[in-house]
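This report concerns only the one structure given below.
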Amino acid sequence: MEILKLLLHIGLILATITDYIIADKTKFIYRLPVNAIPVDYNISLIIPHLKEGNTFHGETSVTVNIVYASFYISLHSQELEINKTATTLINDSIIYKPTAHTYDDETNILTLHFENELYRGNYTLNMKFAGNFSQSGVLDNGFIKIPYTDKKGNRTLAATFFSPNNARRMFPCWDEPAIKAYFMISVMHRQEYRVLSNWPIREKYNVENGMMWTHFDRTFTMSAYLVGIVIVSNFVRIGNVERFAETYFSKDPKALSRIIKLLENRKNNLKESADIFTKRFGRNQT
């Protein structure tokens with residue numbers, strides 16, 4: 001039953017409609033300074049060994065708007081190892097290097113300090129980092145690595161669950177629900193896996209050492225916690241007439257049959273959510 005619940009959760013997280021209700025779990029959110037806000041994220045993740053390893057690596061290139069002149073930029077990061085030497089801030093042809101990275105364990109706020117004052121305008125913030133998958137259970141938040149068993153033996157999948165403010169555990173970001181930006185997501189992974197995300201696949205291609213890149217289209221503006229990534233191996237697509245959701249499930253026939261019944265029970269709820277989503281945000285945003 002637990003695996004069915006898990007698979008249903010994965011199907012729902014990849015629906016093109018997304019539930020915008022924040023979880024009931026109460027947690028105080030420390031607010032970021034408002035001197036800098038993200039406009040556009042370009043996120044690249046590298047996952048060389050999902051089953052055997054526990055680490056992922058990543059890079060972000062974020063267009064940041066400096067709202068008023070200051071000497072620092074603050075954003076969220078939790079349980080990530082930041083490559084401090086690789087952090088750069090670029091404005092036109094000028095490259096700024098932080099003089100210090102300071103981190104507050106209680107607030108999860110990482111502050112980048114600069115020697116020169118940052119004037120109003122758009123900058124590109126580049127960062128490299130590494131993190132670990134969460135493995136303690138499907139009810140935890142973060143980038144979760146989940147082992148399961150089918151007829152062919154032991155397998156592993158990974159799925160994100162960030163609500164309301166745990167995107168910071170996968171990439172450095174402005175992790176407040178009210179702060180919205182565009183996202184471009186790319187994942188390098190083993191060729192035997194399939195990667196799914198919030199938006200359609202733009203392109204994918206093989207590279208050396210049995211790896212491949214999967215690149216996704218640019219999303220509409222949304223909160224960081226709504227970024228969704230799922231990495232699976234033996235899953236198949238379940239179509240639907242209305243085409244309001246793209247859903248993938250295990251190839252196991254018995255599990256698949258039971259999952260389809262569960263989806264039918266949730267169909268009306270999904271359609272209601274899709275209607276709300278369309279009214280609030282429209283279907284075609286640029």
Side-chain angles (χ1 to χ4, degrees), residues 13 18-47 54-65 72-84 86-87 89 98 100-113 124-145 158-187 197-198 219 221-231:
I13 200 175
T18 309
D19 187 354
Y20 274 74
I21 299 174
I22 298 175
D24 292 334
K25 182 179 178 182
T26 302
K27 181 178 179 181
F28 185 80
I29 300 176
Y30 294 90
R31 299 298 180 189
L32 289 167
V34 295
N35 64 306
I37 56 174
V39 177
D40 210 325
Y41 289 83
N42 195 321
I43 304 168
S44 297
L45 297 178
I46 300 175
I47 304 170
N54 190 44
T55 303
F56 59 88
H57 299 268
E59 298 183 18
T60 55
S61 180
V62 186
T63 301
V64 180
N65 179 240
Y72 65 91
I73 292 176
S74 295
L75 66 166
H76 290 109
S77 176
Q78 184 177 357
E79 300 171 358
L80 296 176
E81 181 180 346
I82 305 296
N83 183 344
K84 298 179 181 179
T87 302
L89 184 69
H101 294 62
T102 59
Y103 184 72
D104 188 310
D105 290 317
E106 183 177 5
T107 65
N108 302 143
I109 293 178
L110 172 66
T111 300
L112 311 176
H113 302 268
T124 301
L125 175 63
N126 301 303
M127 301 184 72
K128 294 184 178 182
F129 56 92
N132 294 317
F133 290 101
S134 301
Q135 298 189 76
S136 54
V138 299
L139 298 180
D140 286 350
N141 290 344
F143 200 0
I144 309 167
K145 179 179 174 181
T160 57
F161 184 66
F162 294 149
S163 179
N165 58 348
N166 284 274
R168 65 190 70 179
R169 298 175 66 178
M170 191 181 79
F171 62 101
C173 58
W174 284 254
D175 199 10
E176 294 182 6
I179 300 177
K180 296 176 173 60
Y182 297 98
F183 291 84
M184 289 274 286
I185 300 168
S186 299
V187 182
S197 188
N198 303 70
T219 70
T221 56
M222 64 184 191
S223 307
Y225 82 88
L226 291 174
V227 170
I229 296 175
V230 174
I231 306 173

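Position 1 is the first residue of the sequence, and the numbers go up from there.
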Nearest-0.5 Å distance, NE2 of residue H57 to CG of residue L80:
12.0 Å
I need the minimum non-hydrogen distance between E176 and R31, along with the two atoms involved.
OE2-CA, 3.0 Å
Which heavy atom in F143 sits nearest to a heavy atom in L45, and how many Å separate them?
CE2-CD1, 4.2 Å
Where is the tightest heavy-atom contact between A167 and A224, given as atom of each residue plus distance?
CB-O, 3.5 Å
Can you find a pair of side-chain heavy atoms, one from N141 and one from R169, that are under 4.5 Å apart?
yes
Separation of T60 OG1 from K128 NZ (nearest 0.5 Å):
11.0 Å
As a quick check of understanding, evaluate side-chain contact (heavy atoms from CB on, under 4.5 Å) for E59 and I46, giving each step before the final call.
CA-CA 9 Å; E59 298 183 18; I46 300 175; 5.7 Å; no
Side-chain contact test, heavy atoms from C-beta onward, threshold under 4.5 Å: evaluate it for V187 versus I47 and give yes or no.
yes
Are the side chain of T221 and the backbone N or O of A181 linked by a donor-acceptor pair below 3.5 Å?
no
dist K84:NZ -> L110:CG (nearest 0.5 Å) comes out at 8.5 Å
Are the side chains of H76 and I109 in touch, meaning some heavy atoms are under 4.5 Å apart?
yes
Of the options Y225, W174, Y41, which is the one that meets F183 in a ring pair (Phe, Tyr, Trp, His ring centres under 6.0 Å)?
Y41
Hey, could you give me the OG1/CG distance between T111 and L32, rounded to the nearest 0.5 Å?
8.5 Å
Under a 4.5 Å cut-off applied to non-hydrogen side-chain atoms, are N108 and Y103 in contact?
yes
Taking the side chain as everything from C-beta on, heavy atoms only, tell me whether T102 gets closer than 4.5 Å to Y72.
no
Calculate, to the nearest 0.5 Å, the distance between atoms CG and OG belonging to N35 and S74 respectively.
6.5 Å
Can any side-chain N or O of S186 pair as donor or acceptor with the backbone N or O of S44 at less than 3.5 Å?
no
What's the shortest heavy-atom distance between T87 and P98, and which atoms?
O-CD, 3.4 Å
Full working for ring-ring contact (aromatic ring centres under 6.0 Å, His included) between F171 and F129
CA-CA 8 Å; F171 62 101; F129 56 92; 7.4 Å; no
Using a 4.5 Å cut-off on heavy atoms from C-beta on, say whether the side chain of L125 contacts that of L112.
yes
Please examine the side chains of M127 and L75, heavy atoms only from C-beta on, and report whether any two atoms are closer than 4.5 Å.
yes
Heavy-atom pair with the smallest gap, counting every atom of K145 and F133
CB-CB, 3.6 Å
Search all heavy atoms of G142 against all heavy atoms of S134 and return the closest pair with its distance.
CA-OG, 4.3 Å
For the side-chain contact (heavy atoms from CB on, under 4.5 Å) test, which of I73, T124, N126 pairs with L89?
I73
If we ignore hydrogens and angles and just use 3.5 Å, is the side chain of D175 paired with the main-chain N or O of N166 as donor and acceptor?
yes
Close side-chain approach of S77 to R168, heavy-atom, < 4.5 Å
no
